[in-house]
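Start at 1 and go down the list; that is how both ligands and their atoms are numbered.
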Amino acid sequence: MLVSSCWARISSRTCFWAELIRYAHGRAAARTLSIIKPDATRRDLTGQINARFEAAGLRIVAQRRLQLTRPQAEAFYAVHKERPFYRSLCEFMTSGPVVVQVLEGENAIAKNREVMGATDPAKADPGTIRKDFAESIEANSAHGSDAPETAAYEIPFFFAEVDIVG
Ligand code: GDP
């Protein structure tokens with residue numbers, strides 16, 4: 001009786017610390033959705049772009065190469081429906097294979113956008129993916145979620161939880 005109540009107290013404390021560590025890790029290790037766009041896959045830049053993510057501490061915890069269908073591209077970019085470049089963007093995103101991926105790391109969303117650089121490569125900082133690889137403001141080599149709510153929509157758009165292995 002005494003032994004079992006002692007064990008219950010020890011295991012509930014162990015459980016508490018394990019939960020706390022898991023919680024802290026979950027908070028620190030945020031995730032973001034990244035897409036290597038058709039202009040980059042066409043030039044076989046996937047490896048070079050992935051190396052930049054890893055060098056920046058962004059671990060690739062899920063990855064798949066696929067060809068977006070028109071309805072998929074339209075749904076993914078639905079937020080830009082009213083923008084003048086929407087049709088052209090959807091056309092471009094379906095013009096060749098893309099590599100969709102989940103990146104994980106501390107402040108993953110902001111870190112990824114820093115590594116990608118500004119939307120317009122002409123305005124991107126030196127050493128960023130878009131400065132070094134983008135062909136134009138549209139064919140700008142990489143996509144990254146811009147906020148936690150966006151990542152929460154974009155990650156399940158392509159991946160089930162079991163496909164993401166941290
Ligand atoms: P991002 O978050 O930096 O990707 O930029 P946005 O969310 O504003 O735009 C989404 C994507 O639309 C960009 O990554 C570009 O591929 C494309 N895009 C943005 N602005 C323009 C533009 O002015 N013209 C064209 N043709 N495409 C654009």
Could [X] and [Y] be called an ion pair, given the rule that one side-chain N must be under 4.0 Å from one carboxylate O?
| X | Y | result |
| --- | --- | --- |
| Arg83 | Glu138 | no |
| Arg42 | Glu135 | yes |
| Glu91 | Arg70 | yes |

Contact residues of ligand 1, where a non-hydrogen atom lies under 4.0 Å away:
Lys37, His80, Arg83, Phe85, Leu89, Arg113, Thr119, Arg130, Ile137, Glu138, Asn140
Can you sort out the partners of Glu82 under side-chain contact (heavy atoms from CB on, under 4.5 Å), two or more places apart, ordered by chain and number?
none
Report, one line per pair, each donor and acceptor closer than 3.5 Å where one atom sits in a side chain of residues 108-120; sequence neighbours left out.
from	atom 1	to	atom 2	distance (Å)
Arg113	NH1	Gly144	O	2.9
Asp120	OD1	Ala122	N	3.0

Could you pull out all donor-acceptor pairs under 3.5 Å where a side-chain atom in residues 51-61 meets a protein atom, sequence neighbours excluded?
from	atom 1	to	atom 2	distance (Å)
Arg52	NH1	Gly127	O	3.1
Arg52	NH1	Asp132	OD2	2.8
Arg52	NH2	Asp132	OD2	3.0

